[in-house]
Amino acid sequence: MRRFWLASYPKSGSTWFRLLVANVTRAEPADINRLPPTPAIASLRETFDNLTLIPSGLLTHEECDLLRPEAYRAMARMAAIGLDDEAHDGAEDATFVKTHDAWTQTAQGQPLLGGAEAAAGAILIVRDPRDIVASLASHHAAPLDDTIDFMGDRHAVYCGRTDRLSRQFRQRLLDWSDFNTSWLDQCDIPVHLIRYEDMKEDAAGVLARALAFAGVKVSPEAAERAARFAQFDGLKTQELASGFAEAPRPHAERNFFRKGVAGGWHEELSAAQAARIESCHAAMMARLDYQIAEERRRCA
């Protein structure tokens, strides 16, 4: 079974994509709280600790980074001989491992995520950064303006504190533009690009094309059924009834599945806030075909 990274800047739709994949072979909607466990998320310390027999909590962030590439290569070897079946997301012959890490190198010059020996390729999910802002602000319980600053911070990380231990490794996000540039411009593994907005328009078609990239054949009927089972309203209903295990613990009262719309930023951001995002990320927005004000496009 071949491994593929499912890469995305936070709140871009990777969880929704995982649910689409999980529903491919289902006869009824998959339980959102029974998604494949470790190592379906690349940053989990538990997977690393169990594989290497090294307690990562005793290491610095930098020491963990030096060891992560080989750990991911070992996971890929296990997947190839069928030893990580619990990571199987429901599609035959492929495993999709979620990551919010930008494509970066360790201090020794190795790809943090292990290069071509650790994954056969990557599916990169992108979303209009103006829509990400409100969703990410809710996720972090942070003001919109602070979240805009975070998305423009080239040093932004998740789980980077040193005064307490997170269940996940430090993840270097960079800023929104640099995150996507890092994946699109690296030459180690092939990348299949998905836009969140295209998933909203044609989830079945986007799913089928992504699985084809991964070498997985899926019938139109199965793709359509998976899209129907993973409709956003159904996911929200499940979360309201049973909660969602991957929701951020400190803010569990906030729904993980919030609105799931494209273009909602028109109602949620002020003109000044939208302009800040566009000015900061104009070049990448243009590259990904997100429309921005002409004067800011000229400055990109």
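Being a predicted model, the structure only gives us computed values, none of them experimental. Along the sequence shown, residues are numbered consecutively beginning with 1. Every heavy atom of this structure was used, including side-chain atoms; hydrogens, water molecules and symmetry mates were not.
- A cation-pi geometry, defined here as NZ or CZ lying under 6.0 Å from the six-membered ring centre and within 45° of its normal, does not hold between Arg18 and Trp16.
- Grouping the Ile, Leu, Val, Met, Phe, Trp and Tyr side chains by contacts below 4.5 angstrom, directly or via other members, places Tyr72 with Met78.
- Looking only at distances, a side-chain donor or acceptor of Ser182 sits under 3.5 Å from a matching main-chain atom of Phe179.
- If you chain together hydrophobic residues whose side chains sit under 4.5 Å apart, Phe4 and Leu112 never meet in one group.
- No continuous path of hydrophobic side-chain contacts links Phe150 to Val157 [ILVMFWY only; heavy atoms under 4.5 Å].
- Within the 4.5 Å cutoff, the side chain of Arg170 has heavy atoms near those of the Glu62 side chain.
- Annotation: the span from Phe169 atom CZ to Asp65 atom CG amounts to 8.5 Å, rounded to 0.5 Å.
- Side-chain contact between Met284 and Val126: absent, with no pair of heavy atoms (C-beta onward) separated by less than 4.5 Å.
- Counting only heavy atoms from C-beta outward, the side chains of Val216 and Val24 never approach each other to under 4.5 Å.
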Derivation of the side-chain contact (heavy atoms from CB on, under 4.5 Å) call for Asp289 and Arg195
CA-CA 10 Å; Asp289 200 26; Arg195 296 195 339 151; 3.9 Å; yes
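- With Arg276 as the fixed residue, the side-chain contact (heavy atoms from CB on, under 4.5 Å) test singles out one of Val133, Ile148, Leu144: Ile148.
- For the 3.5 Å distance criterion, the side chains of Thr99 and Asp101 qualify, holding a donor opposite an acceptor.
- Side-chain contact between Ile277 and Trp265 is absent, with no heavy atoms from C-beta onward closer than 4.5 Å.
- Atom CG of Leu136 is separated from atom CZ of Arg127 by 10.0 Å, given to the nearest 0.5 angstrom.
- For His281, the ring pair (Phe, Tyr, Trp, His ring centres under 6.0 Å) partners two or more places apart in sequence, or in a different chain, are Trp176.
- Heavy-atom neighbours of Glu201 CD from other residues, nucleotides or ligands within 6.0 Å: at or below the threshold of 12.
- Side-chain N/O atoms of Asp49 and Ser56 include a donor and acceptor closer than 3.5 Å.
- Residues passing the side chain to side chain donor-acceptor pair (under 3.5 Å) test with Thr181: none are found, sequence neighbours excluded.
- Taking CD1 of Ile194 as the start and CE of Met199 as the end, the distance is 6.0 Å to the nearest 0.5 Å.
- Around CZ of Arg225, the count of heavy atoms belonging to other residues, nucleotides or ligands within 6.0 Å exceeds 12.
- No side-chain donor from either of Lys98 and Ser8 sits under 3.5 Å from a side-chain acceptor of the other.
- Contact annotation: the side chain of Arg130 approaches that of Glu278 to within less than 4.5 Å [non-hydrogen atoms, C-beta and beyond].
- His100 is listed as a side-chain neighbour of Ser14, based on a closest heavy-atom distance under 4.5 Å.
- Separating the OG1 atom in Thr52 from the CZ atom in Arg45 is a distance of 11.0 Å, to the nearest 0.5 Å.
- Judged as a side chain to side chain donor-acceptor pair (under 3.5 Å), and not counting sequence neighbours, the contacts of Glu197 are Tyr290.
- Counting heavy atoms from C-beta on, the side chains of Ile54 and Leu59 come closer than 4.5 Å.
- Residues Asp198 and Arg209 are not paired through a salt bridge, judged by the lack of any N-O separation under 4.0 Å between the basic side chain and the carboxylate.
- Under the 4.5 Å side-chain criterion, counting only non-hydrogen atoms from C-beta, Arg287 is in contact with Leu184.
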